[in-house]
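I have placed the structure first, in the form of structure tokens, so that the comments after it can refer back to it.
The analysis underlying the following values was restricted to heavy atoms, covering all of them including side chains, and did not include hydrogens, waters or symmetry mates.
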Amino acid sequence: MEQNIVTTLFFGMIGIICFPLFIAIKDKFVVVKLGGQNVTIKNGENERKINWMDVESLSLIQIVYPPLYKLKVKGDEKVYWFNTENEFIKASGFVKDLSDMGDLIQKKKRELGI
């Protein structure tokens with residue numbers, strides 16, 4: 001591809017648009033450890049342990065892969081995003097999580113009616 005000022009400006013504008021988007025969503029991504037009774041949410045140095053009963057909603061965000069989940073805790077306005085292992089099937093933009101963590105999430109959602 002030939003370099004010229006139009007190409008440079010075009011990709012520069014994409015970068016300028018994407019940078020504020022990155023700043024806006026970077027704090028939503030966390031590391032989550034799921035256990036039988038607890039959910040541990042780790043965001044940087046902060047670690048928060050909550051009971052499964054305090055989970056308001058937990059859902060898979062479609063079209064994004066590897067599988068990306070959205071977690072909402074009761075009494076907390078913040079929404080957390082986290083990934084599971086890289087074991088999935090994607091078809092026509094939809095994602096099916098095949099990981100062990102995905103199986104635990106589905107089991108807990110059925111048990112607790114989340």
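Side chains of Trp52 and Leu112 form a contact here, defined as non-hydrogen atoms less than 4.5 Å apart. For the pair Tyr69 and Asp97, the minimum side-chain heavy-atom distance is below 4.5 Å. Put simply, the side chain of Leu71 reaches to within 4.5 Å of the side chain of Ile41, judged on heavy atoms. Counting only heavy atoms from C-beta outward, the side chains of Ile50 and Val55 approach each other to under 4.5 Å.
No single ILVMFWY cluster, assembled from side-chain heavy atoms under 4.5 Å apart, contains both Leu34 and Leu68. In the hydrophobic cluster analysis, where Ile, Leu, Val, Met, Phe, Trp and Tyr join through side-chain heavy atoms closer than 4.5 angstrom, Phe11 is grouped apart from Ile16. Linking Ile, Leu, Val, Met, Phe, Trp and Tyr whenever their side-chain heavy atoms come within less than 4.5 Å leaves Val30 and Ile61 in two separate clusters. By the rule that hydrophobic residues join a cluster once side-chain heavy atoms approach within less than 4.5 Å of another member, Ile14 and Phe19 end up as members of separate clusters. No chain of hydrophobic side-chain contacts below 4.5 Å, direct or via other Ile, Leu, Val, Met, Phe, Trp or Tyr residues, connects Phe94 to Leu98.
Side-chain N or O atoms of Lys109 include one that pairs as donor or acceptor with a backbone N or O of Leu58 at under 3.5 Å. The backbone N or O of Pro67 sits nowhere less than 3.5 Å from a side-chain atom of Lys90 that would complete a donor-acceptor pair. Without hydrogens or angle criteria, Asn51 side chain to Asp54 main chain gives no donor-acceptor distance under 3.5 Å.
Separation of atoms NZ (Lys107) and CD1 (Ile105) is listed at 13.0 Å; rounding is to 0.5 Å. The CD atom of Gln62 lies 10.0 Å from the NZ atom of Lys96; values are rounded to the nearest 0.5 Å.
Considering all non-hydrogen atoms of both residues, Lys72 and Lys78 come closest at CD-O, 4.1 Å. Shown here for Val95 and Leu60, the closest heavy-atom pair between the two residues is O-CD2, 3.3 Å. Nearest heavy-atom pair across Asn83 and Met101 is O-SD, 4.4 Å. Taking all atoms of both residues into account, the shortest heavy-atom contact from Asn86 to Pro66 is OD1-CB, 3.6 Å. The two atoms that bring Arg48 and Tyr80 nearest to each other are NH1-OH, 3.3 Å, heavy atoms only. Closest of all the heavy-atom pairs between Asp100 and Glu85 is N-OE1, 3.8 Å.
For the pair Lys28 and Trp81, the cation-pi test (distance below 6.0 Å, angle within 45°) is passed.
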Worked check of side-chain contact (heavy atoms from CB on, under 4.5 Å) between Thr40 and Glu47: CA-CA 7 Å; Thr40 304; Glu47 190 169 301; 3.5 Å; yes
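Side-chain contact annotation: Glu87 with Ser99, donor-acceptor N/O pair under 3.5 Å absent.
A 6.0 Å sphere centred on CD of Glu111 holds more than 12 heavy atoms belonging to other residues, nucleotides or ligands. The environment of Phe29 atom CZ is dense: over 12 non-hydrogen atoms of other residues, nucleotides or ligands sit within 6.0 angstrom.
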